[in-house]
Amino acid sequence: MIRRYAYPVIDTKATGANIKRLREYEDLSVKEMQSVFDFKSPQAVYKWQRGETLPTVDEFVVLAKMFNTPIEKIIVVNIE
């Protein structure tokens, strides 16, 4: 008998929407976030917000500090 397990999967679109919502709530501009992460352009932040890419674990730690919220409140996980 083969057991089937449900594995958690990060919902990139919903996580991106959370990043955008929290950024706006904290009244931070994309340029300010670009500066904090020392990105050459703001494209990484825009890609996060659109759910095209996800921040690294280190970047999630910084985001949690910037937004004054636990990482679990930023990342949206679905069980599949």
Side-chain angles (χ1 to χ4, degrees):
M1 178 176 174
I2 298 174
R3 286 189 186 196
R4 300 195 76 161
Y5 293 97
Y7 295 99
V9 176
I10 296 174
D11 183 329
T12 57
K13 296 282 186 204
T15 299
N18 270 351
I19 291 171
K20 183 176 183 180
R21 179 182 55 78
L22 290 163
R23 177 186 62 76
E24 291 172 346
Y25 180 80
E26 292 296 328
D27 199 28
L28 294 167
S29 71
V30 171
K31 282 283 203 191
E32 288 172 312
M33 288 183 63
Q34 172 189 345
S35 177
V36 167
F37 289 101
D38 198 29
F39 294 149
K40 291 188 188 321
S41 77
Q43 292 311 306
V45 178
Y46 287 120
K47 285 181 178 183
W48 294 346
Q49 292 183 159
R50 290 190 301 262
E52 294 175 11
T53 63
L54 289 170
T56 64
V57 172
D58 292 344
E59 291 164 343
F60 269 120
V61 171
V62 174
L63 287 171
K65 189 72 168 170
M66 287 173 66
F67 299 152
N68 195 30
T69 192
I71 292 173
E72 294 85 1
K73 298 286 185 179
I74 301 171
I75 300 172
V76 178
V77 177
N78 297 323
I79 304 294
E80 293 187 358

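In this text the structure is predicted, and so the values were computed from the model without any measurement. Residue numbers run from 1 in the order of the sequence given.
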**Prompt:** Applying the 4.5 Å side-chain criterion to the ILVMFWY set and letting contacts propagate, would Tyr25 and Met33 be lumped into a single cluster?
**Reply:** no

**Asked** For the atom pair CG (Leu63) and CG (Asn18), what is the distance rounded to the nearest 0.5 Å?
**Response** 11.0 Å

**Path from Ile71 to Val9 over hydrophobic side-chain contacts below 4.5 Å** = no

**Prompt:** Are Leu54 and Phe37 connected in the hydrophobic side-chain network, where two residues link if heavy atoms are under 4.5 Å apart?
**Reply:** yes

**Prompt:** Looking only at heavy atoms, which two atoms of Ile74 and Thr15 are closest? And how far apart?
**Reply:** O-CG2, 3.7 Å

**Request:** Just do the side chain to side chain contact (heavy atoms under 4.5 Å, CB included) check on Glu59 and Trp48 with the steps written out, would you?
**Result:** CA-CA 11 Å; Glu59 291 164 343; Trp48 294 346; 3.3 Å; yes

**Message:** Are the side chains of Pro55 and Ile19 in contact, using a 4.5 Å heavy-atom criterion?
**Reply:** yes

**Message:** To check you understand the geometry: which heavy-atom pair defines the closest contact between Ile79 and Ala6, and what is its length?
**Reply:** CG2-CB, 3.1 Å

**Request:** Show your working on side chain to side chain contact (heavy atoms under 4.5 Å, CB included) between Val30 and Arg23 and close with a plain yes or no.
**Result:** CA-CA 8 Å; Val30 171; Arg23 177 186 62 76; 3.7 Å; yes

**Request:** Working to the nearest 0.5 Å, report the span between CD1 of Ile75 and CG of Asp11.
**Result:** 11.5 Å

**Item:** For the student: nearest non-hydrogen atoms of Ala64 and Pro70, plus distance
**Value:** CB-C, 4.3 Å

**Prompt:** Do you know the tightest heavy-atom contact between Gln49 and Lys20?
**Reply:** OE1-CA, 3.7 Å

**Request:** To the nearest 0.5 Å, tell me how far Phe67 CZ sits from Glu26 CD.
**Result:** 7.5 Å

**Separation between OG of Ser29 and CD of Glu24, rounded to the nearest 0.5 Å** = 11.0 Å

